[in-house]
Amino acid sequence: MFKKLVVCFVTRIAFLCGCSDSEPERETLEFEAPITTFVNALNRKDESSLLGCFTTGAKEKFGESQKSLSDILSEEIKKAAGKDAVLKCSIKDSEKLDEKAIDEISKQYTDEYSMRLDIKKAYKVTVVFTTQAIDANDTYTEPMELITVKAGGSWYIFGDVIDELNLRVVNDEN
């Protein structure tokens with residue numbers, strides 16, 4: 001009898017713990033991973049991981065500038081939102097690209113970077129970057145359309161390295 005009572009009690013607690021008014025946190029989809037990695041790496045000032053979100057051609061092109069990407073973007077965030085602000089992102093929409101679109105961006109990549117990229121999958125993702133800080137300005141970006149591509153076994157942000165976010169203060173009239 002005692003065992004049945006314990007099992008019933010444990011089952012009821014497990015059921016109640018599983019029910020709540022809040023939704024579970026949304027999992028990142030594989031094609032969103034380079035965008036969330038970009039945000040996390042920037043917040044940690046992890047230059048290697050930050051640049052790893054972009055294709056080889058984009059990294060090589062950016063590497064010619066001899067600047068630290070995390071320093072550039074951190075300075076922009078600091079000016080807009082304050083010293084202790086962190087970057088966040090919100091995925092607003094996504095669309096899987098078809099074979100024709102993939103062929104077009106593959107050709108675009110070859111033209112831009114003078115190298116081939118074997119793209120297996122691609123998505124167009126609409127994202128808004130925001131900042132969050134205690135006692136500072138909250139900022140946002142206009143919705144940005146990014147393309148993420150799967151090449152080899154990894155996902156990347158397609159195109160040039162993002163070195164400017166164009167953050168705006170939430171309550172700014174300009």
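- For the atom pair SG (C89) and CG (L42), the distance works out to 11.0 Å, reported to the nearest 0.5 Å.
- Between the side chain of E76 and the backbone N or O of N166 there is at least one donor-acceptor pair closer than 3.5 Å.
- Residues L167 and I77 have side chains in contact (heavy-atom distance under 4.5 Å, counting atoms from C-beta outward).
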For K107 and D103, what are the C-alpha separation, side-chain angles and deciding distance, and is it a salt bridge (charged side-chain N to carboxylate O under 4.0 Å, His left out)?
-> CA-CA 6 Å; K107 182 180 179 336; D103 290 342; over 6 Å; no
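- Annotation: side chain of K121 is in contact with side chain of W155 (closest heavy-atom distance under 4.5 Å).
- Atom NZ of K59 is separated from atom SG of C53 by 9.0 Å, given to the nearest 0.5 angstrom.
- With contacts defined as side-chain heavy-atom distances shorter than 4.5 Å, the pair L146/I162 qualifies.
- A single hydrophobic cluster is not seen to contain both F62 and I147; linkage of ILVMFWY side chains at heavy-atom distances under 4.5 Å, directly or through other members, places them apart.
- For the atom pair T148 OG1 and K124 NZ, the distance stands at 12.0 Å (nearest 0.5 Å).
- Rounded to the nearest 0.5 Å, atoms CD (E60) and OG1 (T55) are 9.0 Å apart.
- The minimum heavy-atom distance linking D160 with E112 is given by the pair OD1-OE2, 4.0 Å.
- Between V128 and P143, the shortest heavy-atom distance links the atoms CG2-CA, 3.8 Å.
- Heavy-atom minimum distance, A80 versus V169: O-CG2, 4.0 Å.
- How far NZ of K45 is from CG of D71: 7.5 Å, rounded to the nearest 0.5 Å.
- Heavy-atom contacts from other residues, nucleotides or ligands closer than 6.0 Å to CZ of R44 number more than 12.
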Show the numbers, then the answer: is there a side-chain contact (heavy atoms from CB on, under 4.5 Å) between S70 and D46?
-> CA-CA 7 Å; S70 62; D46 180 351; over 6 Å; no
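- Between F54 and F38, the two ring planes are perpendicular [angle over 60°; tilted spans 30° to 60°].
- Counting non-hydrogen atoms of neighbouring residues, nucleotides and ligands closer than 6.0 angstrom, the NZ atom of K120 exceeds 12 such neighbours.
- Both Y156 and L117 are part of a single hydrophobic cluster, where members link through side-chain heavy atoms under 4.5 Å apart.
- Annotation for Y113 and K61: closest pair CE2-CD, 3.9 Å, computed over non-hydrogen atoms.
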Worked verdict on E47 versus L51 for side-chain contact (heavy atoms from CB on, under 4.5 Å) | CA-CA 6 Å; E47 188 76 11; L51 287 171; 3.8 Å; yes
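- Contact check for L69 versus D163: side-chain heavy atoms found under the 4.5 Å cut-off.
- Cluster membership check: I35 shares its hydrophobic cluster with F31, using side-chain heavy-atom separations under 4.5 Å among Ile, Leu, Val, Met, Phe, Trp and Tyr.
- Around the NZ atom of K88, the shell of radius 6.0 Å holds no more than 12 heavy atoms that belong to other residues, nucleotides or ligands.
- When every heavy atom of V161 is checked against every heavy atom of A58, the shortest pair comes out as CG2-O, 3.5 Å.
- N43 contributes a side-chain N or O that, together with a main-chain N or O of L87, makes up a donor-acceptor pair within less than 3.5 Å.
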Could you walk me through whether T139 and R168 pass side-chain contact (heavy atoms from CB on, under 4.5 Å), step by step?
-> CA-CA 5 Å; T139 65; R168 299 174 183 206; 5.9 Å; no
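- Of the possible polar contacts, none joining the T141 side chain to the L165 backbone as a donor-acceptor pair under 3.5 Å is found.
- Rounded to the nearest 0.5 Å, atoms OG (S94) and CD (E32) are 6.0 Å apart.
- Hydrophobic clustering (ILVMFWY, side-chain heavy atoms < 4.5 Å, transitive): F129 and V125 are in one cluster.
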Stepwise side-chain contact (heavy atoms from CB on, under 4.5 Å) check, Y109 with M115 | CA-CA 7 Å; Y109 186 85; M115 55 178 67; 3.7 Å; yes
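- Of all the heavy atoms in I102 and L97, the pair that sits closest is CD1-O, 3.8 Å.
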